[in-house]
Structures are given as C-alpha cells and as structure tokens.
Amino acid sequence: MTRLKTVDIAGLDSMLSLYEAELIAKTGDDLIGLACRAADISKGHFQKRVNALSIGLIPITSGQGIIIGFCDAVASILSHVGGKIFVTQKPDVGGWAESFERGADIVMMADDDRFVALNMTHRLVVDNAAATGRAFATGLNMMAGNLEDCAVLVIGCGPVGTSAVETLIRIGARVTIYDIHPSRCRDLKDRVNTPLKSAIRLADDPEPALTENKFILDASPAENIIKVDHITPETYISAPGIPLGLSEAARLKVSNRLLHDPLQLGVVTMLAMAVKHLP
Ligand code: 2YC
C-alpha cells in the first residue's frame with residue numbers, strides 16, 4: 001500500500017472548494033453526493049446522522065510513524081461535509097482515551113497497513129481501501145454516463161482494485177483486470193463473487209488492454225503506465241492509485257476526464273459507509 005507524503009496532502013484544506021467545484025463539473029455531483037451513491041445511502045440519511053456525530057482522529061506512531069498533516073487533512077475533509085471532528089492531542093493509547101473521554105461516536109486512524117473508521121456504537125469497521133475502490137468506480141460511472149455493458153480496465157488487483165472491480169461488476173460493466181503480479185489477478189478473480197465468474201477477463205499485457213479500453217481505473221502505484229498514445233477523446237480515467245499513473249502528456253491530453261485525489265473521495269465514502277447502518 002502506498003504511504004502518503006506530507007507533500008501529497010499539502011494545501012488540501014484550502015483547495016477543497018476548488019476541488020469540489022471540479023468534481024461537480026466532472027461527475028455532476030459533489031463529495032457527499034458521490035460518497036452516498038458509492039455507499040448506497042441517501043443524502044438525507046447521511047446529513048441527518050453525520051451532523052449528530054462526534055468523530056475522533058487518532059494519530060498513530062507505529063511502524064513508519066506519523067505523517068505530518070495526515071490527520072489534519074482527514075479532519076478538514078470531514079469538517080467540509082459535516083460532523084464534530086477532533087484530532088486527539090495525544091497519539092496511540094492517549095488518543096484512544098481522549099476519544100472515549102470526549103464521547104466519540106466514530107474513531108478514525110491509520111497505521112502502515114490499514115486506514116479505518118470504527119463505529120463505536122455499532123461495532124462496525126470501514127476500511128479506506130474498500131471505500132476508495134467503491135468511490136472511484138462510482139465516480140468513473142458518473143463521469144462516463146453509464147458503464148453498464150461497457151468494457152472497463154482495472155489496473156492493480158490489491159484491496160482498492162478489488163473493491164473497484166466488485167463495484168463495477170455490480171454496475172454491470174465488463175471488467176478486464178491487470179496486475180504486474182499475474183497471481184494477484186487470479187486471486188482477485190477467485191475472490192470476487194460475481195454471478196458470472198467469466199465476467200472478469202484477465203490481461204497479461206497492459207499495452208493492448210490500455211489501447212482497447214476507453215474506461216480505465218488505475219488502482220496501482222505504477223508511474224507512467226498510462227501514456228499519451230493511450231488517450232483518445234473518449235477516454236475516461238479514475239485513478240485512486242498514488243502516485244498518479246499517467247505521464248504528464250497523458251494527463252494534459254485526458255484533460256478533465258480524470259478523477260484523482262490523495263484522500264478526499266475515500267474519506268467521505270468511509271464516513272458514508274460508517275453511518276449506513278445507523279438507525
Ligand atoms: O499520521 C499517522 O497517524 C500515520 N500513522 C498515518 C499513516 C498512513 C499510511 N497510509 C497511507 O498513507 C495511505 C492511506 C491514506 C490509505 C492508503 N495509504
């Protein structure tokens with residue numbers, strides 16, 4: 001899993017309104033709208049519950065340690081969509097104690113392996129990878145109009161790519177998957193319970209797959225895997241992978257038919273999934 005750098009999230013707070021205006025232009029909806037579609041809940045359900053919630057963010061020092069700005073970036077995204085958000089003064093155990101003392105309904109934290117939202121009252125765990133895969137597949141569907149019966153290429157068969165494939169299958173897309181490790185492709189196909197196992201095609205060479213597919217979801221950390229010759233006027237790309245997998249020329253050519261952010265869509269979708277089962 002790619003570890004964000006402080007530079008990836010610098011200025012995210014001050015750019016949120018511009019980011020959201022661009023999201024509306026690309027997909028027709030805002031952060032809450034896209035996240036609610038991804039989580040399959042109504043905006044009304046989301047807003048009614050989120051406004052009543054207290055959400056604690058706990059910095060975690062394990063492994064490679066704290067990313068300066070990470071919890072503050074998550075807090076700014078959540079504040080943008082509602083809810084009473086706080087970042088605990090202390091990390092780790094002190095942060096947990098503070099979250100309990102302040103009556104947090106949801107606690108969010110990330111170590112080197114997982115970024116989760118924990119619903120304390122309903123004992124629910126929401127994983128950022130699952131939420132991010134749903135969000136970027138949903139965003140691709142919204143950008144492209146409707147992906148039912150359309151061919152979509154998913155690059156990267158990790159947790160985000162797996163969630164994206166499941167979402168695209170639910171949408172009715174015809175999914176081709178590619179991973180630099182072929183065994184991960186086969187594992188994904190075996191793991192994803194689709195009505196038609198054959199609904200998922202495996203690509204062993206990314207080049208023809210990138211040329212044949214106009215709808216691409218890049219959930220890999222590969223750089224420069226999508227090149228300018230892969231981009232046509234009909235190409236739409238949703239790219240949760242960090243760093244962005246498009247060459248500079250490809251990014252310029254695909255123009256605004258590209259969804260990419262380091263945290264925003266995944267974080268709001270985590271919240272939507274965390275409140276989904278609240279009464
Ligand atoms: O500041 C902290 O609390 C750190 N322990 C946070 C580490 C996050 C590591 N994960 C990532 O950088 C990203 C996540 C945003 C989702 C996947 N990788």
Side-chain angles (χ1 to χ4, degrees), residues 1-13 15-16 19 31 34-35 38-39 55-81 85-99 102 104 106-118 125-139 154-165 167 179 184 188 217-223 238-245 259-274:
M1 178 178 73
T2 306
R3 180 179 165 90
L4 288 172
K5 300 181 187 65
T6 299
V7 67
D8 295 325
I9 49 182
L12 186 148
D13 183 7
M15 300 282 282
L16 264 176
Y19 167 88
L31 267 169
L34 193 153
I55 303 172
L57 296 175
I58 307 176
I60 301 297
T61 62
S62 66
Q64 297 184 61
I66 284 174
I67 298 174
I68 304 293
F70 174 74
C71 279
D72 289 337
V74 175
S76 66
I77 295 163
L78 294 172
S79 301
H80 184 75
V81 297
I85 320 296
F86 64 90
V87 178
T88 61
Q89 293 295 314
K90 297 281 189 190
D92 307 326
V93 175
W96 267 106
E98 183 182 339
S99 295
R102 295 178 66 168
I106 291 177
V107 173
M108 295 174 74
M109 74 206 81
D111 63 11
D112 294 349
D113 303 313
R114 291 188 71 182
F115 173 20
V116 294
L118 307 177
V125 182
V126 176
D127 196 284
N128 171 264
T132 299
R134 276 178 179 247
F136 279 83
T138 301
V154 176
I155 304 169
C157 295
V160 174
T162 300
S163 174
V165 168
T167 304
D179 193 291
R184 292 180 70 176
L188 187 160
L217 193 143
D218 179 11
S220 80
E223 290 188 275
S238 189
I242 303 271
L244 180 63
L259 266 191
H260 175 67
D261 74 42
L263 275 174
Q264 295 90 322
L265 284 179
V267 164
V268 183
T269 302
M270 283 171 86
L271 183 55
M273 291 169 71

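Numbers here are sequence positions counted from 1. First listed ligand is number 1; within each ligand, the first listed atom is number 1. Computation of the quantities below employed the complete heavy-atom set of this structure, encompassing side-chain atoms and omitting hydrogens, waters and symmetry-equivalent molecules.
- Nearest protein heavy-atom neighbour of atom 3 (O) of ligand 1: Ile60 N, 2.9 Å.
- Remark: the backbone N or O of Ile68 is paired with a side-chain donor or acceptor of Thr6 at under 3.5 angstrom.
- Arg3 contributes a side-chain N or O that, together with a main-chain N or O of Gln64, makes up a donor-acceptor pair within less than 3.5 Å.
- The nearest heavy-atom contact from the protein to atom 16 (C) of ligand 1 is Asn128 OD1, 3.3 Å.
- Counting only heavy atoms of the protein, atom 14 (C) of ligand 1 lies nearest to Phe115 CD2, 4.2 Å.
- Which parts of ligand 1 touch Leu263 is read off a 4.0 Å heavy-atom cut-off, strictly below it: atoms 15 (C).
- Nearest protein heavy-atom contact of atom 18 (N) of ligand 1 is Thr2 O, 2.9 Å.
- Taking a 4.0 Å cut-off on heavy atoms, Gly65 registers as neighbouring ligand 1.
- Nearest heavy-atom pair, Met273 versus Ala39, reported as atom, atom and distance to 0.1 Å: CG-CB, 3.7 Å.
- Protein heavy atom in closest approach to atom 10 (N) of ligand 1: Met1 CE, 3.9 Å.
- Each of the atoms 3 (O) of ligand 1 lies under 4.0 Å from some heavy atom of Pro59.
- Here the heavy atom of the protein found nearest to atom 12 (O) of ligand 1 is Leu4 N, 2.7 Å.
- Between the side chains of Thr61 and Asp92, at least one donor N or O sits under 3.5 Å from an acceptor N or O.
- Of the possible donor and acceptor atoms, one in the side chain of Asp8 sits under 3.5 Å from a partner among the backbone N and O of Lys5.
- Looking at Asp111 against ligand 1, only its backbone comes within 4.0 Å, counting heavy atoms.
- Looking from atom 6 (C) of ligand 1 to the surrounding protein, the closest heavy atom is Ala110 O, 3.5 Å.
- Annotation for Ile242 and Thr2: closest pair O-OG1, 2.8 Å, computed over non-hydrogen atoms.
- The closest side-chain heavy-atom distance from Leu259 to Leu265 is below 4.5 Å.
- Cys71 approaches Leu57 most closely through the heavy-atom pair O-CD1, 3.3 Å.
- For atom 1 (O) of ligand 1, the closest non-hydrogen atom of the protein is Ile67 N, 2.9 Å.
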